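Working notes, beginning with the structure itself.
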Protein chains: 2
Amino acid sequence: MNQSGMRGKSRLHPTDPPSLAERIRLEMESFTPSEKRAAHLLLSHYPFAGLDTVAEFASRAGISAPSVLRFVTRLGFGGFPDFQKHLREELEAQLLSPLAKSGPSDKGQGAPALASFAEAVIGNLKATVENIAPAEFEAVVALLSDPRRHIHFTGGRFTGALARYAESHFRIVRSHVDFIEGQPALWRDRMIEISRKDVIVAFDIRRYQEDVTALCEAASKQGATVVLLTDPWLSPIARVARHVLPAHIVAPSNWDSSAGLLLLTEALVAAVTKRLWETAKPRMEAVERLRGERS
Amino acid sequence: MNQSGMRGKSRLHPTDPPSLAERIRLEMESFTPSEKRAAHLLLSHYPFAGLDTVAEFASRAGISAPSVLRFVTRLGFGGFPDFQKHLREELEAQLLSPLAKSGPSDKGQGAPALASFAEAVIGNLKATVENIAPAEFEAVVALLSDPRRHIHFTGGRFTGALARYAESHFRIVRSHVDFIEGQPALWRDRMIEISRKDVIVAFDIRRYQEDVTALCEAASKQGATVVLLTDPWLSPIARVARHVLPAHIVAPSNWDSSAGLLLLTEALVAAVTKRLWETAKPRMEAVERLRGERS
DNA sequence: CAGGTTTTGAAATTTCTGATACAGCTTTTC
DNA sequence: GAAAAGCTGTATCAGAAATTTCAAAACCTG
């Protein structure tokens with residue numbers, strides 16, 4: 001009857017994913033008539049039917065509330081809330097399983113892998129563009145085009161490279177541009193120079209990095225304006241950020257894709273370069289000249 | 001910014017499918033501090049965090065129950081159950097459609113700069129994928145998946161950031177991975193360690209940088225295998241490269257776009273991670289663990 | 001077809017959740 | 001720097017939800 005051992009939430013072994021639906025299907029035979037009605041309702045709208053109230057569920061299944069309770073008890077749950085919690089967790093685990101799979105199932109052929117990956121990335125880019133508030137983008141462009149402001153770029157473990165990419169471009173387009181390492185030890189003393197005139201452009205996506213957040217919070221406290229490029233779930237930096245540009249990052253990979261962030265970065269570079277063209281042009285030419293001389 | 005008219009549940013215009021998450025993101029600015037905490041919790045575990053009880057939600061967000069209630073009221077819901085019902089319906093609708101992406105929100109207007117730039121970038125990605133020989137891609141994946149080889153990433157002024165991006169991922173997936181600065185002074189002495197077992201992955205596009213070329217030529221002379229990610233006009237490094245992956249880079253900007261290179265990089269990371277999964281997984285988990293301990 | 005067993009639902013009960021009033025605190029404004 | 005406005009948490013309450021009780025109904029079984 002009751003296998004009292006599986007109470008609570010703590011069943012997240014990756015080796016233990018027999019969906020509840022599957023179990024119900026197997027045990028279907030042994031159910032009483034009204035239990036079968038409950039089971040069928042649940043399976044036909046799995047798992048959402050189970051997320052309603054007992055009364056609602058009972059009514060939709062055409063049975064009484066106690067029958068529903070007996071049904072979930074029979075499945076081994078301590079009660080209806082316990083049952084719902086299980087459904088939610090199962091749904092969540094299934095919906096956003098970043099790793100947990102990728103077994104040696106299908107051997108990847110090169111071209112399809114690349115093509116499908118590209119397709120996903122392109123989807124991300126489209127979604128990213130559609131979800132950016134034009135005013136927000138424009139505001140950031142204006143901010144970064146203000147020659148009186150100092151611009152600092154920073155980022156996390158992976159996104160730091162994007163910050164560097166941005167910095168290496170903006171450094172040529174305009175002055176007062178630099179890159180700040182994420183580690184607190186490396187910026188603690190530079191923080192005294194950060195003031196109301198400064199702009200921090202932070203890159204931070206999933207597995208948000210605490211040191212980057214700390215940097216932005218410190219800078220914000222000093223009155224600096226924070227611009228954040230992040231994922232749709234928003235880094236905690238968003239709390240102190242004046243402008244937020246979210247990019248979609250989910251790709252068929254064990255890693256997130258930063259292509260959307262790069263797109264935004266390059267679009268910002270292009271827009272700011274255009275806006276500051278009068279001053280940017282001679283700077284770019286100067287850089288070009290210096291390159292030539294060096295070699 | 002009053003949305004006084006949208007009380008209650010009846011906002012289901014078919015032309016109006018902006019996920020609640022989207023709306024929260026837009027209104028984030030106008031939230032009070034504790035509302036922001038609620039918003040962040042919800043977005044970071046969207047939408048599951050909202051399916052719990054008020055008390056649970058409040059506790060997880062670090063705020064009080066009434067603040068949570070005020071939050072959902074502010075979003076225009078009649079109460080917490082109403083709010084949950086909306087989340088469930090949204091989730092169900094989203095889950096039932098295979099991939100509810102590319103929302104036909106509003107196209108055309110918006111930031112024309114951003115949109116047209118994105119269009120160009122997307123075009124680049126498609127062209128890039130089409131012009132990559134599958135065998136070439138596969139060969140590179142195989143090369144980078146060979147645990148006996150040492151992998152060195154390098155790049156130029158701008159593309160160096162991409163090389164770093166690649167390095168920071170591969171470093172986790174496998175061992176014997178590093179980054180080499182482009183300046184000759186910085187690699188001259190390291191060159192003695194480069195041998196037949198080594199792989200150099202170089203990023204180099206237009207305005208090809210001589211020091212990177214020099215590095216690759218030196219490495220090649222020592223017997224190392226050179227992989228090149230470049231533009232369609234091929235960096236001079238191509239002469240010594242064993243494998244070449246060209247990406248389209250032209251964008252409506254004064255600068256070239258590196259999105260194609262990033263796409264290839266991420267696709268390589270994904271493919272190699274998959275191929276080395278047995279050894280990569282424990283490495284990724286170890287990194288994850290270390291991150292957790294640090295904080 | 002009676003006796004016993006199982007299944008079921010109405011109603012009573014209990015538990016817990018969502019909602020509200022109010023007071024303390026913080027921030028803003030003049 | 002004081003007053004006002006806004007935010008937030010504690011305490012409390014009302015009500016709904018889950019659960020239990022219990023007797024009627026259905027179903028076997030011999």
Side-chain angles (χ1 to χ4, degrees), chain A residues 1-2 4 7-9 24 27-42 47-88 196 217 220-223 238-240 242, chain B residues 1-2 4 7-9 24 27-42 47-88:
Chain A
M1 309 226 172
N2 79 6
S4 52
R7 278 194 51 103
K9 59 174 104 168
I24 292 175
E27 296 182 33
M28 183 67 82
E29 301 303 321
S30 61
F31 289 154
T32 72
S34 58
E35 281 171 348
K36 278 183 185 170
R37 305 186 73 160
H40 276 121
L41 173 64
L42 179 58
F48 301 98
L51 296 178
D52 256 304
T53 67
V54 170
E56 182 73 16
F57 187 89
S59 153
R60 288 223 283 160
I63 59 179
S64 71
S67 293
V68 175
L69 271 301
R70 282 186 285 263
F71 173 63
V72 302
T73 302
R74 195 184 190 302
L75 290 174
F77 296 100
F80 199 74
D82 198 8
F83 165 72
Q84 288 190 319
K85 188 167 195 171
H86 175 93
L87 288 180
R88 283 202 309 267
R196 220 163 288 106
E217 282 173 348
S220 169
K221 203 161 283 176
Q222 306 250 14
R239 281 202 293 256
V240 299
R242 185 108 165 69
Chain B
M1 195 147 296
N2 78 16
S4 51
R7 278 198 51 101
K9 59 177 88 168
I24 291 175
E27 295 183 32
M28 183 68 79
E29 303 295 331
S30 60
F31 288 156
T32 72
S34 60
E35 281 173 346
K36 279 186 184 168
R37 305 188 73 156
H40 274 118
L41 173 64
L42 179 58
F48 302 97
L51 296 179
D52 255 304
T53 66
V54 169
E56 180 75 15
F57 187 90
S59 152
R60 287 222 284 160
I63 58 179
S64 70
S67 292
V68 175
L69 272 300
R70 281 187 284 263
F71 174 64
V72 302
T73 301
R74 195 186 188 303
L75 289 174
F77 296 100
F80 200 76
D82 196 9
F83 165 71
Q84 288 189 320
K85 184 168 190 174
H86 176 92
L87 288 181
R88 282 203 310 268

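So you know, we letter chains A, B, ... as the sequences are listed, proteins then strands, and number each from 1. Below, all heavy atoms of this structure are taken into account, side chains as well, without hydrogens, waters or symmetry copies. Everything numeric here is computed off the predicted structure, so don't read it as measured data.
The nearest whole Å value for the distance from the CG atom in A:Asp82 to the C1' atom in C:dT15 is 16 Å. Between B:Leu69 atom CG and D:dC13 atom C1' there is a gap of 14 Å when expressed in whole angstrom units. Between the CZ atom of A:Phe77 and the P atom of D:dT19 there is a distance of 12 Å, rounded to whole Å. One interatomic measurement links the two molecules: CZ of B:Phe80 to P of C:dC16, which rounds to 18 Å at whole-angstrom precision. In this structure, the CZ atom of B:Arg70 is 13 Å from the C1' atom of C:dG18, given to the nearest Å. Atom CZ of B:Arg74 and atom P of D:dG6 are 13 Å apart (whole Å). Between the C1' atom of D:dA16 and the CD atom of A:Glu56 lies a distance of 14 Å, rounded to the nearest Å. If you measure from atom CG of B:Asp52 to atom C1' of C:dG18, you get 14 Å, rounded to the nearest angstrom.
When the nucleotides C:dA19, D:dT19, D:dG9 are ranked by their closest atom to the side chain of B:Ile63, D:dG9 comes out on top. Of the candidate nucleotides D:dT20, D:dA18, D:dT8, D:dA18 has the atom lying nearest to any side-chain atom of A:Pro81. Here the side chain of A:Pro66 is nearest to one of D:dT10, C:dA19, C:dA11, namely C:dA11. If you check C:dT8, D:dT19, C:dG18 against the side chain of B:Val54, the one that comes closest is C:dG18. Closest contact between the side chain of A:Ser67 and the listed nucleotides C:dA10, C:dG18, C:dT8 involves C:dT8.
Side chains of A:Pro66 and A:Arg70 form a contact here, defined as non-hydrogen atoms less than 4.5 Å apart.
Residue B:Ser64 places no side-chain N or O under 4.0 Å from the OP1 or OP2 atom of D:dT8.
Among the heavy atoms of the strands lying under 4.0 Å from A:Ala55 are primed sugar atoms or P, OP1, OP2 only; no base atom is included.
Across residues 31-41 of chain A, A:Thr32, A:Pro33, A:Ser34 each have a non-hydrogen atom less than 4.0 Å from an atom of DNA chain C (numbered order).
Summarising the geometry of B:Arg74 relative to B:Glu27, their closest heavy-atom pair is NH1-OE1, 3.8 Å, with the distance given to 0.1 Å. The two atoms that bring A:Ala58 and A:Ser64 nearest to each other are CB-C, 3.6 Å, heavy atoms only.
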Step by step, would you call A:Arg239 with A:Ser220 a side-chain contact (heavy atoms from CB on, under 4.5 Å)?
CA-CA 10 Å; A:Arg239 281 202 293 256; A:Ser220 169; over 6 Å; no
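Looking at A:Gln84, its side chain does come within 3.5 Å of a backbone N or O of A:Asp52 through a donor-acceptor pair.
The ring-ring contact (aromatic ring centres under 6.0 Å, His included) contacts involving residues 53-76 of chain B comprise B:Phe31-B:Phe71, where partners must be two or more places apart or lie in separate chains.
Residue B:Leu42 holds its CG atom at 11.0 Å from NE2 of B:His40, rounded to the nearest 0.5 Å.
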